[in-house]
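Note that the structure is predicted; figures quoted are calculated from it, not measured.
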Amino acid sequence: SKISFFMLHLLLGRLPLLDVLCKMRFQMSSKCLCYPNGASETVEHVFSEGLIAKDVWNYFTSMCDLTHVGSSLRAWEVAWWISSSRPEKMRLIFIMMPSFICWHILKARNKSVFKGTRMHPATICQAIISDITSGLEIHFNKKFGWVSFRSYMNGLVNKPAALDFSLCGGRQRRQVV
């Protein structure tokens, strides 16, 4: 698939980002569009250290109760890929998520560069959720009827609250523990 091909090029440092093109002796500004003051556009900056990338990675890592060490792209990817202690239903999500995050960051970056549109982390996150949902529906051959991806993930990450019923003054009282 094109996302697998993209990930191969990303991990090998072969994406045509400005820092790579400058190394190939193309004369151009290496200014990243996500910073008003113009940080250098490197693979690490675009996919892990830039403001947009950090917002996207942090959104999904907090939603999935994931911890990682470091801020490099490989640290983000490894944190997702080696989370084998997760429930079985989450494994596929944890395998797909880094690729979809990077793919949609690149798509947003390209729209910003070539069409002049601003990158918005919320829009990127929504596109990732849509693709992850489609991937799960294709894999499991069923339509998911969840209210939101966040509620689905919360249900997988957190155990459902135990309910404790007791009679209190003739009325039934429900207590969530």
First locate atom CD of Glu49, then atom CH2 of Trp57, and finally report the distance between them rounded to the nearest 0.5 Å.
13.0 Å
Taking distance alone, no hydrogens or angles, what donor-acceptor pairs closer than 3.5 Å link side-chain atoms of residues 92-103 to residues at least two apart or in another chain?
none

Could you list the donor-acceptor pairs under 3.5 angstrom formed by side chains in residues 126-139, with sequence neighbours left out?
residue, atom, partner, partner atom, Å
Asp131, OD2, His104, NE2, 2.6
Thr133, OG1, Ile129, O, 2.7
Ser134, OG, Ser130, O, 3.1
Glu137, OE2, Phe144, N, 3.2

Can you list the steps and then say if Val46 with Leu106 is a side chain to side chain contact (heavy atoms under 4.5 Å, CB included)?
CA-CA 8 Å; Val46 171; Leu106 179 72; 5.6 Å; no
Which atom of Arg118 lies closest to which atom of His120, heavy atoms considered
O-CD2, 3.5 Å
On a heavy-atom basis, the closest approach of Ser112 and Met119 is CB-CG, 3.8 Å
If you round to the nearest 0.5 Å, how far is OG1 of Thr117 from CG of Asn110?
10.0 Å
Whether the side chain of Glu44 engages the backbone of Leu73 through a donor-acceptor N/O pair (distance < 3.5 Å, no angle test) should be reported.
yes
Which atoms form the tightest heavy-atom contact between Ser48 and Ala53, and what is the distance?
N-CB, 3.6 Å
Between Thr61 and Trp80, does the side chain to side chain contact (heavy atoms under 4.5 Å, CB included) criterion hold? Intermediate values first, please.
CA-CA 9 Å; Thr61 54; Trp80 284 88; 3.7 Å; yes
Heavy-atom closest pair (Ile105 atom, Ile124 atom, distance to 0.1 Å) is N-CG2, 4.3 Å
Which atom names give the shortest non-hydrogen contact between Glu77 and Leu11, and what distance separates them?
OE1-CD2, 3.1 Å
